[in-house]
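Reviewing the structure listed below.
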Amino acid sequence: MGQRRASGAARLLTAAVWGSGAVLGTILVQSVTGWGSDAQARVINDLAYLPATLLTAALGLWLILKGRLGRRERRAWILFEASFVAQVVAHSASLMQNFLPEQPSYPAFSDYLYTAAIPLVVAGLLMYPVAHRSATERLKLLIDSLIVVAGACMALWYLEIGPLMETPGADPVVILFSTAVPVLDLLLVFALITLLLRRPEAGAAVGLLGGSMALKVVADSTYTIGYVQFGIGFQPGSWPFVLWATGAFFSLLAVHRRLRQDSLAQGQLPGRGRLGWLPYVAVALAYGLLAFAARNQTLFPLGGMIFGAIALTALVIARQVYAQKENRRLAVTDPLTGLSNRALIAERLAELTRQPLREGRHSAVLLIDLDHFKPINDAYGHEAGDAVLKAVATALRAVIRSGDTAGRLGGDEFAVVLPALPHRAVAETIAQRLVDALRTPVIFGDLVLGVEASIGVAFRDETTPDSEQLIAHADAAMYAVKRSGRGSYCVYTPELDTNARDAELRRAVANDELVVHFQPVVDLTGGDRMAVEALVRWNHPTRGLLMPGAFIELAEETGAVIPMGEWVLRDACRQAAGWRTGNPDADGVWLSVNLSARQVMQAGLVETIRGILDETGFPAGRLILELTESVILQPDEQTVARLSELRDMGIGISVDDFGTGYAALSYLRTLPVSVLKIDRSFVEGIDTDPDAYAVAEAVVRLAKAYRLHVVAEGIETAEQARCLVEMGCTYGQGYHFARPMPGPALAEFLAGTSRVGLAS
Ligand code: C2E
Ligand code: MG
Ligand code: MG
């Protein structure tokens, strides 16, 4: 309801604006039809202004009082408002002068007011807020504006001011006043030019106001030039008056527009060079005028000199234009490959993301990272590396079309900006072609250098409001390629966003969304020794209970596995300590907890574990930590020291998934390892395939020779269990005995199960 009333008021206002515009239109009608005497024309002219100028002043006041304007913008509008008020008073005074018995002489009261309005607008225009610019840019803007003003100066000097000053026998006040108008107009030109040059951020309203002022300058000049050059005394109804009236209407439109606009258009970058040609036009016009003024001069001395000066200026300008182009080229190319550099890519991406999203039009960015580039650089030197980079540049040039931009971001990282794709699939085709092209080895001297590229593709959509986000997506896609084996491309999907997912993982730990399940490890020989392995699960708020396969690898990669692993260890120890208090049978049960490589490499690991044991009261002598082979394979000194310290505390160290990596048994000798867990893949098939049996048996024998306890993982049938007992394997874990289960279920399991029965 309130909204409808508001839009009703808005419609009424728009009607008033166009209504008063129509009233102003009577000036045009009068000009075209030539209706009425001079005196009548003057009255009509003044009357026609009143509704529009009054409305402008009223809306201006409303804007200042009610509009959501920034401090600077408000100040500018206060100045504009002062000029609007001056114009209202001027028109009213002018109207009243018509009814005086005698026409006041020039300059009349109204003329002073019309003139006073100009500097107010100039100040407002100059004060209008603009985006931040560097000092150099501001200086360049000033120089450009001054060039235009200098050109305008020459024109005004030749056409108006000079002749006015030379008018024989004129009243000095009249001369002074008549020259003041063109001089002030010159200032207006200056303000307008600076406004034009920075137009992109000035907004439509100020554009309209600028248009109004431009019309005024043209009308003023026509009026004066007509008078001083051709002796024409323009009367109301003639066309300079139409221009003035149109200008007044533009001012009204400007205020109306600004009132409707909520706030200044944000985020638009200053347009580059769109009006950069304006100063050159000014120079050309000024010299044209000079040549015209000198047309009657003899060639010697002035004529030739003037031509020389014109030629010199033209050459200097040509030189400047060329230098500018060259500077630009140098500033945006990568010297090694000749491709665009990071700056130009950033510019293109900014342009791309600034455009509105449109149905059926796609744009994308490809981020390309070379695989195995560093080893080439290190082994064969920078020249070989450079040859590879140049070959990549050639491959890039071959796949892109005109309008696309290929660039080197630095090092071995490249990017391609595809601003207009008929179809998303085209970007994928280009990516695939690049992958193929870059697979071709580079010949350098007698070396054959092989590289591959990992390419991340990101499309522009609602989730990429700016270029940073777009690049971040391409980056996430590229890292996904690197993770999954390199030498390929991948299109961004939200799941690839490791940063977001890392944050989600850490949040899960903080919000206690993790749960620990426990799987029994039983004594295959029928003894009563027993362990449980703690296995993490994620009770995801929307996706349900997730197994570690869905998140552990990523957590490992991002480092989120560190807080996660600590949480698991604490929770597992806390629960296991709980079983012990209620059940003496649980005293002898070992607790086995997985430790990721990241955790093992942490300096504070021992302290953390000690802290958790103290806190939960779980005995160190009943804890086993499971490490993966990758840790065992490349143990640095500190890691070995850390593991030894843990062993000295009584904690057992176990090697998980043995046989899936590269660790040889001989490595184990140097490490404080006491348990070996044979991977599920060795257990599979031992009950049916004699070869599988033989291999598993060999591994068990070897482990025993190193005096390690052997646990077989993934036992799913009674027959597999029997075979393992036969081989001499002492412990087993698998669905055949029990699946991983929540803590309370395991406590019951411990209390109710005869362990002897388990082994059968
Ligand atoms: P793992 O340490 O080798 O754990 C044994 C995995 O084998 C568990 O999978 C278990 O459910 C599964 N399993 C047990 N018996 C059988 C069987 O008879 N047949 C088959 N097919 N599978 C069986 P889960 O729970 O999905 O865990 C997968 C891996 O995630 C673990 O392998 C471990 O490497 C890792 N993980 C689990 N929890 C943690 C943790 O808290 N920290 C770290 N760093 N890694 C963990
Ligand atoms: Mg394990
Ligand atoms: Mg395992």
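In each ligand, atom 1 is the first atom listed, and ligand 1 is the first ligand listed. Values reported hereafter were calculated over all heavy atoms of this structure, with side chains retained and with hydrogens, waters and symmetry mates removed.
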Ligand 1 contacted by P740 (non-hydrogen, < 4.0 Å): yes
Atoms of protein origin (N, O or S) under 2.8 Å from the Mg ion (ligand 2): E533 OE2, N594 OD1, E626 OE1, D656 OD2
Electrostatic pair R408:E413 at N-O distance under 4.0 angstrom: no
Residue among Q733, E626, E533, K677 satisfying side-chain hydrogen bond (donor to acceptor under 3.5 Å, both in side chains) with S592: E626
Ionic contact status for D571 with R574, cut-off 4.0 Å: yes
Electrostatic pair R722:E726 at N-O distance under 4.0 angstrom: yes
Ligand-residue contact atoms, ligand 1 with D657, heavy atoms, under 4.0 Å: 3 (O)
Option with minimal heavy-atom separation from atom 45 (N) of ligand 1, where the choices are T717, N594, D679, L595: N594
K677 near ligand 1 by a heavy-atom separation under 4.0 Å: no
Per atom 12 (C) of ligand 1, closest listed option by heavy atom (E716, R680, E713, Q599): R680
Salt bridge flag under 4.0 Å for residues D378 and K374: yes
Check: Q733 N/O within less than 3.5 Å of ligand 1 N/O: no
Non-hydrogen atom of G549 closer than 4.0 Å to ligand 1: no
N or O contact, V536 vs ligand 1, cut-off under 3.5 Å: yes
F459 six-ring centre to R424 NZ/CZ under 6.0 Å and within 45° of normal: yes
Heavy-atom gap H736 to ligand 1 smaller than 4.0 Å: no
NZ/NE/NH1/NH2 to OD/OE distance under 4.0 Å, R610 and D614: no
Pairing residues for F682 by the ring pair (Phe, Tyr, Trp, His ring centres under 6.0 Å) criterion, not counting sequence neighbours: none
Numbered atoms of ligand 1 (with element) below 4.0 Å of E626, judged on heavy atoms: 2 (O)
Lys/Arg-Asp/Glu bridge criterion (N-O < 4.0 Å) met for R598, E556: no
Distance-only polar pair, side chains of Q432 and Y489, donor-acceptor under 3.5 Å: no
Within-cutoff protein neighbour (heavy atom, under 4.0 Å) for atom 1 (P) of ligand 1: yes
Verify atom 18 (O) of ligand 1: protein non-hydrogen atom under 4.0 angstrom away: yes
Plane angle bin for Y731 and H709 - parallel if under 30°, tilted between 30 and 60°, otherwise perpendicular: perpendicular
